[in-house]
Amino acid sequence: MDKPLIQHGVEEACAAGVRDMIIVTGRGKYAIEDHFDVAYELEALLQKKGDGKQLATVQAITEMGDFFYVRQNMPLGLGHAVLRTMDLVGEEPFAVILSDDVIDSKVPVLRQMIDVYERYSADSVLAIQRVPREHVSRYGIIKGKKIAEGVYEVLDMVEKPKPAKAPSDLAIIGRYILSPAIFPALQATRPGAGGEIQLTDAIRTLVARERVIGYEFEGERYDAGNKLGFLMANITFALKDPELSPGLRDFLARERKR
Ligand code: G1P
């Protein structure tokens with residue numbers, strides 16, 4: 001609504017206690033680096049105008065974490081993007097957030113997942129959600145064994161299956177906690193669905209050796225990668241904003257009567 005999608009992702013990581021933010025970027029996307037950097041000119045201007053509120057908003061963006069950038073020089077898939085971060089991540093578990101999956105929740109989803117990671121002594125945790133059968137081919141789909149309400153031991157998974165071949169209707173949503181074992185797995189992964197190096201294909205090779213948990217998170221998810229989802233996410237957040245909500249409510253009521 002009033003901030004780029006990627007900032008939602010960074011805010012979620014920050015709220016979950018993550019400090020180091022690695023952003024995988026690409027050619028021409030300089031605006032991302034600038035967005036999270038100190039905005040000297042803008043800050044000086046706001047200071048001069050005495051706009052303390054806006055100044056605090058701008059400064060808070062930079063203070064959310066320590067930012068590192070890695071470029072993905074070719075769009076070879078999500079797995080390929082994650083592999084680019086190997087040297088920066090090192091031998092630690094880490095989280096992956098796909099910012100175009102916007103999730104509106106009371107507790108940040110990544111925080112919920114870290115709790116699950118600790119409670120179940122997991123090596124990796126994947127955010128999952130039930131989706132209509134006709135939509136399974138848009139996602140990574142897990143085959144899981146239920147071990148508690150909303151918690152599954154992941155036995156296998158498949159990227160973008162045809163509905164008839166899907167092992168379940170439990171789809172992976174863009175939040176992952178991964179063990180560093182994912183890096184050698186990614187190095188060994190050949191292009192899969194869509195000719196891309198799929199993160200799903202690499203994770204599935206870990207399930208025999210590591211504990212991979214699928215967790216049905218609490219929250220409403222919007223796919224901001226498509227136009228309708230993007231609009232719905234904007235409206236949801238605008239309706240929570242005390243300044244925008246009355247006008248937007250009136251507008252929506254008027255449109256409904258048409
Ligand atoms: C990616 C992943 C897929 C996952 C989805 C969640 O797909 O490859 O497994 O279900 O994100 O949004 P993409 O949306 O990049 O096609």
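Each residue takes its place number in the sequence, starting with 1. For ligands, and for the atoms within them, numbers begin at 1 and follow the listed sequence.
Near Q198, the atoms of ligand 1 lying under 4.0 angstrom from a non-hydrogen atom of the residue are 8 (O). Numbered from 1 in the order shown, with element, the atoms of ligand 1 that lie under 4.0 Å from a heavy atom of L98 read 11 (O).
Rounding to the nearest 0.5 Å places CG of D123 at 9.0 Å from CZ of R211. Rounded to the nearest 0.5 angstrom, R19 CZ and M64 CE are separated by 10.0 Å. Note: F251 CZ to I235 CD1 = 8.0 Å, rounded to the nearest 0.5 Å.
At least one heavy atom of D101 lies less than 4.0 angstrom from ligand 1.
Residue, atom and distance of the protein heavy atom nearest to atom 8 (O) of ligand 1 are E159 OE2, 2.8 Å.
Distances from atom 5 (C) of ligand 1 to the heavy atoms of T200, N226, I172 put I172 nearest. Ranked by closest heavy atom to atom 16 (O) of ligand 1, the top entry among K160, R138, E196 is K160.
The nearest pair of heavy atoms linking F94 to S179 is CE2-O, 4.1 Å.
The N/O atoms of G140, backbone and side chain alike, include one that comes under 3.5 Å of an N/O atom in ligand 1.
Under 4.0 Å is where a charged nitrogen must lie from a carboxylate oxygen, and between E11 and K3 at least one such pair does. Of the charged side-chain nitrogens involved, none lies within less than 4.0 Å of a carboxylate oxygen, so that D169 and R133 do not count as a salt-bridged pair.
By the definition of a contact as any protein heavy atom under 4.0 Å away, atom 13 (P) of ligand 1 is in contact.
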